[in-house]
Undergrad: 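This structure is in C-alpha coordinates; I'll ask about it shortly.
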Amino acid sequence: MIERLAVIGVGLIGGSLARALRAADAVGEVIGCGRSLENLKLALELGVIDDYVLEPGDAVADADMVFIAVPLGAIAGVFAKIKGRLPARAVVTDGGSVKGSVVSDARRVFGGNVPSWLVPGHPIAGTERSGVGSSFPDLYQNRRVILTPVPETDPGAVARVRAMWEQVGSEVTEMSVEHHDEVLAATSHLPHMLAFGLVDALARMRSNDEIFRYAAGGFRDFTRIASSSPEMWRDICLANAEALSGMLSRFGDEMNELSNTIRSADADALLSIFERARAARERYVDGLEPSTGAD
Ligand SMILES: NC(=O)C1=CN([C@@H]2O[C@H](COP(=O)(O)OP(=O)(O)OC[C@H]3O[C@@H](n4cnc5c(N)ncnc54)[C@H](O)[C@@H]3O)[C@@H](O)[C@H]2O)C=CC1
Ligand SMILES: O=C(O)C(=O)Cc1ccc(O)cc1
(Lines give C-alpha, C1' and ligand atoms only; values in the text may rest on other atoms or scores of the structure.)
(Ligands and ions follow the chains in the order given, each with its own letter.)
Protein backbone atom coordinates (compact mmCIF):
# COMPACT_ATOMS: atom_id res chain seq x y z
CA MET A 1 0.00 0.00 0.00
CA ILE A 2 1.31 3.42 -0.99
CA GLU A 3 0.44 6.08 1.60
CA ARG A 4 1.12 9.21 -0.40
CA LEU A 5 1.84 9.14 -4.13
CA ALA A 6 3.25 12.22 -5.83
CA VAL A 7 2.61 12.32 -9.59
CA ILE A 8 4.78 14.85 -11.39
CA GLY A 9 3.11 15.34 -14.79
CA VAL A 10 -0.56 14.36 -14.46
CA GLY A 11 -1.20 13.51 -18.11
CA LEU A 12 -2.12 10.28 -19.91
CA ILE A 13 0.58 8.20 -18.22
CA GLY A 14 0.67 9.79 -14.76
CA GLY A 15 -3.12 10.21 -14.60
CA SER A 16 -3.73 6.61 -15.63
CA LEU A 17 -1.41 5.27 -12.93
CA ALA A 18 -3.16 7.38 -10.28
CA ARG A 19 -6.58 6.18 -11.48
CA ALA A 20 -5.42 2.55 -11.60
CA LEU A 21 -3.93 2.59 -8.09
CA ARG A 22 -7.10 4.18 -6.75
CA ALA A 23 -9.25 1.57 -8.51
CA ALA A 24 -7.09 -1.17 -6.93
CA ASP A 25 -7.36 0.49 -3.50
CA ALA A 26 -3.58 0.53 -3.42
CA VAL A 27 -2.99 4.19 -2.58
CA GLY A 28 -3.97 6.52 0.24
CA GLU A 29 -3.50 10.03 -1.10
CA VAL A 30 -2.44 11.30 -4.54
CA ILE A 31 -0.73 14.69 -4.94
CA GLY A 32 -0.44 16.01 -8.48
CA CYS A 33 2.13 18.45 -9.77
CA GLY A 34 2.61 19.96 -13.21
CA ARG A 35 3.21 23.07 -15.21
CA SER A 36 -0.40 23.58 -16.33
CA LEU A 37 -2.80 24.82 -13.65
CA GLU A 38 -5.73 24.13 -15.96
CA ASN A 39 -4.73 20.46 -16.34
CA LEU A 40 -4.24 20.07 -12.56
CA LYS A 41 -7.68 21.57 -11.88
CA LEU A 42 -9.17 19.11 -14.36
CA ALA A 43 -7.31 16.24 -12.65
CA LEU A 44 -8.79 17.33 -9.32
CA GLU A 45 -12.30 17.64 -10.80
CA LEU A 46 -12.01 14.17 -12.35
CA GLY A 47 -10.98 12.74 -8.97
CA VAL A 48 -7.61 11.56 -10.34
CA ILE A 49 -5.73 13.48 -7.61
CA ASP A 50 -6.66 14.65 -4.10
CA ASP A 51 -4.71 17.88 -4.25
CA TYR A 52 -2.07 19.64 -6.31
CA VAL A 53 0.96 21.83 -5.86
CA LEU A 54 2.96 23.66 -8.50
CA GLU A 55 6.47 22.91 -7.23
CA PRO A 56 7.87 19.36 -7.61
CA GLY A 57 9.89 19.88 -4.38
CA ASP A 58 6.67 20.52 -2.44
CA ALA A 59 4.91 17.56 -4.11
CA VAL A 60 7.52 15.02 -2.99
CA ALA A 61 8.15 16.46 0.49
CA ASP A 62 5.87 13.97 2.26
CA ALA A 63 5.56 11.19 -0.38
CA ASP A 64 6.55 7.54 -0.06
CA MET A 65 6.23 6.95 -3.85
CA VAL A 66 6.97 9.46 -6.62
CA PHE A 67 6.05 8.89 -10.27
CA ILE A 68 7.58 11.27 -12.82
CA ALA A 69 5.58 11.30 -16.07
CA VAL A 70 6.68 14.41 -17.92
CA PRO A 71 8.18 14.63 -21.45
CA LEU A 72 11.80 13.44 -21.44
CA GLY A 73 13.16 16.94 -21.98
CA ALA A 74 11.63 18.05 -18.67
CA ILE A 75 13.01 15.22 -16.50
CA ALA A 76 16.35 16.83 -15.59
CA GLY A 77 14.51 19.96 -14.42
CA VAL A 78 12.23 17.86 -12.20
CA PHE A 79 15.24 16.01 -10.74
CA ALA A 80 16.85 19.36 -9.91
CA LYS A 81 13.69 20.53 -8.16
CA ILE A 82 13.23 17.40 -6.02
CA LYS A 83 16.91 17.23 -5.07
CA GLY A 84 17.23 17.36 -1.28
CA ARG A 85 13.45 17.39 -0.75
CA LEU A 86 12.68 13.66 -0.59
CA PRO A 87 11.88 11.93 2.69
CA ALA A 88 14.23 9.03 3.48
CA ARG A 89 11.55 6.41 2.84
CA ALA A 90 10.61 7.69 -0.64
CA VAL A 91 11.15 5.76 -3.86
CA VAL A 92 11.12 7.57 -7.22
CA THR A 93 10.32 6.01 -10.59
CA ASP A 94 9.45 7.40 -14.00
CA GLY A 95 7.56 6.47 -17.15
CA GLY A 96 9.86 7.96 -19.80
CA SER A 97 10.04 6.17 -23.16
CA VAL A 98 13.87 6.27 -23.24
CA LYS A 99 15.98 5.18 -20.28
CA GLY A 100 19.55 6.21 -21.19
CA SER A 101 18.69 9.91 -21.04
CA VAL A 102 16.92 9.55 -17.68
CA VAL A 103 19.94 7.80 -16.19
CA SER A 104 22.39 10.35 -17.59
CA ASP A 105 20.17 13.23 -16.41
CA ALA A 106 20.20 11.65 -12.93
CA ARG A 107 23.99 11.27 -12.95
CA ARG A 108 24.36 14.91 -13.98
CA VAL A 109 21.89 16.39 -11.50
CA PHE A 110 22.74 14.19 -8.51
CA GLY A 111 26.51 14.47 -8.89
CA GLY A 112 27.86 11.37 -10.62
CA ASN A 113 25.93 8.47 -9.15
CA VAL A 114 22.34 7.51 -9.85
CA PRO A 115 20.61 7.78 -6.45
CA SER A 116 19.75 4.37 -4.95
CA TRP A 117 16.08 5.39 -4.58
CA LEU A 118 15.60 6.01 -8.34
CA VAL A 119 14.15 3.12 -10.34
CA PRO A 120 14.03 3.98 -14.06
CA GLY A 121 10.94 2.48 -15.67
CA HIS A 122 8.77 2.42 -18.76
CA PRO A 123 5.19 1.17 -19.13
CA ILE A 124 4.84 -0.27 -22.64
CA ALA A 125 1.29 1.00 -22.80
CA GLY A 126 -0.24 4.18 -24.07
CA THR A 127 -2.31 5.76 -26.77
CA GLU A 128 -1.92 8.60 -29.27
CA ARG A 129 -3.76 10.93 -26.89
CA SER A 130 -2.35 13.23 -24.22
CA GLY A 131 -3.54 14.95 -21.06
CA VAL A 132 -5.35 13.82 -17.94
CA GLY A 133 -8.69 13.89 -19.79
CA SER A 134 -7.47 10.92 -21.85
CA SER A 135 -6.23 8.90 -18.85
CA PHE A 136 -8.06 5.74 -17.83
CA PRO A 137 -7.68 3.18 -15.04
CA ASP A 138 -7.28 0.08 -17.25
CA LEU A 139 -4.38 1.39 -19.32
CA TYR A 140 -1.82 -0.85 -17.61
CA GLN A 141 -3.94 -3.97 -17.28
CA ASN A 142 -2.16 -6.90 -19.00
CA ARG A 143 0.57 -4.64 -20.32
CA ARG A 144 4.29 -4.92 -19.85
CA VAL A 145 6.36 -2.56 -17.73
CA ILE A 146 10.15 -2.56 -18.14
CA LEU A 147 12.36 -1.54 -15.22
CA THR A 148 16.01 -0.74 -15.93
CA PRO A 149 17.81 -0.63 -12.57
CA VAL A 150 21.50 0.35 -12.62
CA PRO A 151 24.20 -1.03 -10.28
CA GLU A 152 23.53 1.75 -7.73
CA THR A 153 19.78 1.01 -7.54
CA ASP A 154 18.52 -0.35 -4.22
CA PRO A 155 16.87 -3.78 -4.80
CA GLY A 156 14.30 -2.87 -2.13
CA ALA A 157 13.27 0.18 -4.21
CA VAL A 158 12.95 -2.02 -7.31
CA ALA A 159 10.72 -4.42 -5.36
CA ARG A 160 8.42 -1.58 -4.27
CA VAL A 161 8.08 -0.24 -7.83
CA ARG A 162 7.51 -3.75 -9.17
CA ALA A 163 4.76 -4.31 -6.58
CA MET A 164 3.08 -1.03 -7.57
CA TRP A 165 2.90 -2.00 -11.26
CA GLU A 166 1.72 -5.51 -10.43
CA GLN A 167 -1.12 -4.04 -8.39
CA VAL A 168 -2.42 -2.32 -11.54
CA GLY A 169 -2.25 -5.54 -13.57
CA SER A 170 1.07 -5.16 -15.37
CA GLU A 171 3.74 -7.76 -16.04
CA VAL A 172 7.08 -6.36 -14.93
CA THR A 173 10.37 -7.29 -16.60
CA GLU A 174 13.86 -5.99 -16.00
CA MET A 175 16.57 -5.29 -18.55
CA SER A 176 19.61 -3.07 -19.00
CA VAL A 177 19.20 0.56 -19.97
CA GLU A 178 21.10 -0.02 -23.25
CA HIS A 179 19.06 -3.05 -24.24
CA HIS A 180 15.82 -1.22 -23.46
CA ASP A 181 16.74 1.70 -25.71
CA GLU A 182 17.79 -0.59 -28.60
CA VAL A 183 14.64 -2.72 -28.40
CA LEU A 184 12.27 0.23 -28.06
CA ALA A 185 13.99 2.04 -30.94
CA ALA A 186 12.94 -0.91 -33.11
CA THR A 187 9.46 -1.71 -31.80
CA SER A 188 8.09 1.70 -30.83
CA HIS A 189 10.25 4.64 -31.90
CA LEU A 190 10.81 3.48 -35.50
CA PRO A 191 7.09 2.77 -36.16
CA HIS A 192 6.21 6.23 -34.86
CA MET A 193 8.78 7.76 -37.24
CA LEU A 194 7.27 5.82 -40.15
CA ALA A 195 3.77 7.07 -39.32
CA PHE A 196 4.84 10.70 -38.83
CA GLY A 197 7.06 10.52 -41.93
CA LEU A 198 4.40 8.97 -44.14
CA VAL A 199 1.69 11.48 -43.23
CA ASP A 200 4.09 14.41 -43.54
CA ALA A 201 5.45 13.24 -46.90
CA LEU A 202 1.96 12.73 -48.34
CA ALA A 203 0.71 16.04 -46.98
CA ARG A 204 3.66 17.83 -48.59
CA MET A 205 3.19 16.10 -51.94
CA ARG A 206 -0.07 18.00 -52.44
CA SER A 207 -0.83 21.54 -51.36
CA ASN A 208 -4.32 20.56 -50.19
CA ASP A 209 -5.45 17.45 -48.33
CA GLU A 210 -7.12 15.94 -51.42
CA ILE A 211 -4.88 12.89 -51.21
CA PHE A 212 -6.28 11.87 -47.77
CA ARG A 213 -9.83 11.73 -49.15
CA TYR A 214 -8.96 8.56 -50.99
CA ALA A 215 -7.24 6.81 -48.09
CA ALA A 216 -8.68 3.46 -46.98
CA GLY A 217 -8.82 1.82 -43.54
CA GLY A 218 -5.24 0.59 -43.76
CA PHE A 219 -3.99 4.17 -43.97
CA ARG A 220 -6.01 5.11 -40.89
CA ASP A 221 -4.74 2.07 -38.91
CA PHE A 222 -1.15 2.64 -39.93
CA THR A 223 -1.16 6.37 -39.18
CA ARG A 224 -3.08 6.47 -35.86
CA ILE A 225 0.14 7.03 -33.95
CA ALA A 226 0.96 10.10 -36.08
CA SER A 227 -1.67 11.86 -33.92
CA SER A 228 0.66 11.49 -30.90
CA SER A 229 2.12 14.47 -29.04
CA PRO A 230 4.78 16.24 -31.17
CA GLU A 231 6.56 17.54 -28.05
CA MET A 232 6.81 14.07 -26.53
CA TRP A 233 8.13 12.56 -29.78
CA ARG A 234 10.63 15.35 -30.33
CA ASP A 235 12.05 14.53 -26.90
CA ILE A 236 12.09 10.76 -27.56
CA CYS A 237 14.03 11.30 -30.81
CA LEU A 238 16.56 13.57 -29.14
CA ALA A 239 16.96 11.18 -26.20
CA ASN A 240 17.38 8.01 -28.29
CA ALA A 241 19.12 9.57 -31.30
CA GLU A 242 21.80 6.96 -31.79
CA ALA A 243 19.70 3.80 -31.65
CA LEU A 244 16.82 5.39 -33.56
CA SER A 245 18.91 6.85 -36.37
CA GLY A 246 20.58 3.44 -36.77
CA MET A 247 17.17 1.76 -37.06
CA LEU A 248 15.96 4.40 -39.54
CA SER A 249 18.96 3.88 -41.77
CA ARG A 250 18.50 0.07 -41.74
CA PHE A 251 14.85 0.61 -42.57
CA GLY A 252 15.82 2.97 -45.39
CA ASP A 253 17.99 0.19 -46.87
CA GLU A 254 15.02 -2.19 -46.67
CA MET A 255 12.81 0.33 -48.51
CA ASN A 256 15.44 0.82 -51.23
CA GLU A 257 15.69 -2.92 -51.68
CA LEU A 258 11.90 -3.18 -51.92
CA SER A 259 11.85 -0.41 -54.49
CA ASN A 260 14.47 -2.23 -56.60
CA THR A 261 12.54 -5.49 -56.33
CA ILE A 262 9.37 -3.76 -57.54
CA ARG A 263 11.19 -1.96 -60.34
CA SER A 264 12.68 -5.22 -61.56
CA ALA A 265 9.23 -6.91 -61.41
CA ASP A 266 10.65 -9.78 -59.35
CA ALA A 267 7.30 -11.40 -58.46
CA ASP A 268 8.82 -14.31 -56.50
CA ALA A 269 10.96 -12.01 -54.39
CA LEU A 270 7.95 -9.78 -53.60
CA LEU A 271 5.86 -12.78 -52.62
CA SER A 272 8.54 -14.11 -50.32
CA ILE A 273 9.01 -10.72 -48.57
CA PHE A 274 5.26 -10.40 -47.95
CA GLU A 275 4.90 -14.04 -46.86
CA ARG A 276 7.81 -13.68 -44.46
CA ALA A 277 6.33 -10.45 -43.02
CA ARG A 278 2.82 -11.88 -42.71
CA ALA A 279 4.09 -14.98 -40.91
CA ALA A 280 6.15 -12.80 -38.53
CA ARG A 281 3.12 -10.62 -37.76
CA GLU A 282 0.94 -13.66 -37.12
CA ARG A 283 3.51 -15.01 -34.68
CA TYR A 284 3.55 -11.60 -32.97
CA VAL A 285 -0.25 -11.34 -32.71
CA ASP A 286 -0.52 -14.95 -31.42
CA GLY A 287 2.04 -14.19 -28.74
CA LEU A 288 0.33 -10.95 -27.61
CA GLU A 289 -0.14 -11.70 -23.94
CA PRO A 290 0.47 -9.25 -22.37
CA SER A 291 0.53 -6.78 -25.23
CA THR A 292 0.90 -3.11 -26.08
CA GLY A 293 -2.80 -3.15 -26.86
CA ALA A 294 -2.56 -2.15 -30.49
CA ASP A 295 -3.38 -4.96 -32.93
N1 LIG B 1 1.81 8.69 -24.40
C2 LIG B 1 2.18 7.43 -24.35
O3 LIG B 1 1.56 6.58 -25.00
C4 LIG B 1 3.35 7.04 -23.51
C5 LIG B 1 4.19 7.98 -22.95
N6 LIG B 1 5.25 7.59 -22.18
C7 LIG B 1 6.13 8.59 -21.55
O8 LIG B 1 5.43 9.14 -20.46
C9 LIG B 1 5.77 10.51 -20.28
C10 LIG B 1 4.49 11.34 -20.22
O11 LIG B 1 3.75 11.18 -21.41
P12 LIG B 1 2.19 11.48 -21.48
O13 LIG B 1 1.53 11.20 -20.20
O14 LIG B 1 1.71 10.82 -22.70
O15 LIG B 1 2.20 13.05 -21.75
P16 LIG B 1 1.04 14.10 -21.40
O17 LIG B 1 1.30 15.27 -22.27
O18 LIG B 1 -0.30 13.48 -21.41
O19 LIG B 1 1.39 14.49 -19.89
C20 LIG B 1 2.58 15.11 -19.52
C21 LIG B 1 2.30 16.06 -18.37
O22 LIG B 1 3.53 16.62 -17.92
C23 LIG B 1 3.34 17.99 -17.64
N24 LIG B 1 4.63 18.66 -17.77
C25 LIG B 1 5.31 18.97 -18.89
N26 LIG B 1 6.46 19.58 -18.59
C27 LIG B 1 6.51 19.63 -17.25
C28 LIG B 1 7.45 20.14 -16.32
N29 LIG B 1 8.57 20.74 -16.73
N30 LIG B 1 7.19 20.03 -15.00
C31 LIG B 1 6.06 19.44 -14.57
N32 LIG B 1 5.12 18.95 -15.42
C33 LIG B 1 5.36 19.04 -16.73
C34 LIG B 1 2.32 18.45 -18.66
O35 LIG B 1 1.63 19.60 -18.21
C36 LIG B 1 1.41 17.24 -18.76
O37 LIG B 1 0.35 17.31 -17.84
C38 LIG B 1 6.72 10.88 -21.42
O39 LIG B 1 8.04 10.87 -20.91
C40 LIG B 1 6.54 9.77 -22.43
O41 LIG B 1 7.73 9.50 -23.13
C42 LIG B 1 5.48 6.28 -21.87
C43 LIG B 1 4.65 5.30 -22.38
C44 LIG B 1 3.56 5.62 -23.25
O1 LIG C 1 -0.35 4.39 -29.09
C2 LIG C 1 0.41 3.43 -29.22
O3 LIG C 1 0.12 2.43 -29.89
C4 LIG C 1 1.74 3.43 -28.56
O5 LIG C 1 2.65 2.79 -29.02
C6 LIG C 1 1.85 4.23 -27.33
C7 LIG C 1 3.21 4.31 -26.73
C8 LIG C 1 3.97 5.45 -26.94
C9 LIG C 1 5.19 5.58 -26.34
C10 LIG C 1 5.68 4.57 -25.54
O11 LIG C 1 6.88 4.71 -24.96
C12 LIG C 1 4.94 3.41 -25.31
C13 LIG C 1 3.69 3.29 -25.91
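Atoms within each ligand, like the ligands themselves, are counted from 1 in listed order. Keep in mind the model is a prediction, meaning the values are calculated, not measured.
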Undergrad: Within a distance of under 4.0 Å, is there any protein heavy atom near atom 5 (C) of ligand 1?
TA: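 For atom 5 (C) of ligand 1 the answer is yes, since some protein heavy atom falls inside 4.0 Å.
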Undergrad: Below 4.0 Å from any atom of ligand 2, is there a heavy atom belonging to His189?
TA: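 Contact absent.
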Undergrad: Could you find the nearest protein heavy atom to atom 17 (O) of ligand 1 and give me its residue, atom name and distance?
TA: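 It is Ser130 CB, 3.8 Å.
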Undergrad: At under 4.0 Å between heavy atoms, is it the side chain or the backbone of Glu128 that contacts ligand 1, or both, or neither?
TA: neither
Undergrad: About how many Å separate CD1 of Ile2 and CD of Glu29, when rounded to the nearest 0.5 Å?
TA: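 That separation rounds to 13.0 Å.
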Undergrad: Which residue owns the protein heavy atom closest to atom 7 (C) of ligand 1, what's the atom, and how far is it?
TA: Gly95 O, 3.2 Å
Undergrad: Judging by distance only, is a nitrogen or oxygen of Ile8 under 3.5 angstrom from one on ligand 1?
TA: no
Undergrad: What are the two closest non-hydrogen atoms of Ile49 and Leu44, and how far apart are they?
TA: O-CD1, 3.5 Å
Undergrad: Would you say Trp233 has any N or O atom under 3.5 Å from an N or O of ligand 2, going by distance alone?
TA: no
Undergrad: Would you call the rings of Phe212 and Phe219 parallel, tilted or perpendicular, taking 30° and 60° as the class edges?
TA: tilted
Undergrad: Under 4.0 Å from atom 15 (O) of ligand 1, do we find at least one protein heavy atom?
TA: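 No.
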Undergrad: Are Lys81 and Asp58 within salt-bridge range, i.e. N to O under 4.0 Å?
TA: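 Looking at Asp58 together with Lys81, the answer is no, because their closest N to O distance does not fall below 4.0 Å.
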Undergrad: With heavy atoms only and a cut-off of under 4.0 Å, state how Thr127 meets ligand 1: side chain, backbone, both or neither.
TA: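 The answer is the backbone.
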Undergrad: Among all the protein's non-hydrogen atoms, which is closest to atom 40 (C) of ligand 1, and how far away is it?
TA: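 Atom 40 (C) of ligand 1 sits closest to the protein heavy atom Ser97 OG, 3.6 Å.
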Undergrad: Has ligand 2 got any nitrogen or oxygen that is less than 3.5 angstrom from a nitrogen or oxygen of Ser97?
TA: yes
Undergrad: Among Val70, Val98, Ile225, which one has a heavy atom closest to atom 38 (C) of ligand 1?
TA: Val70
Undergrad: Is Ala125 near ligand 1, meaning one of its heavy atoms is under 4.0 Å from it?
TA: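 Heavy atoms of Ala125 do come under 4.0 Å of ligand 1.
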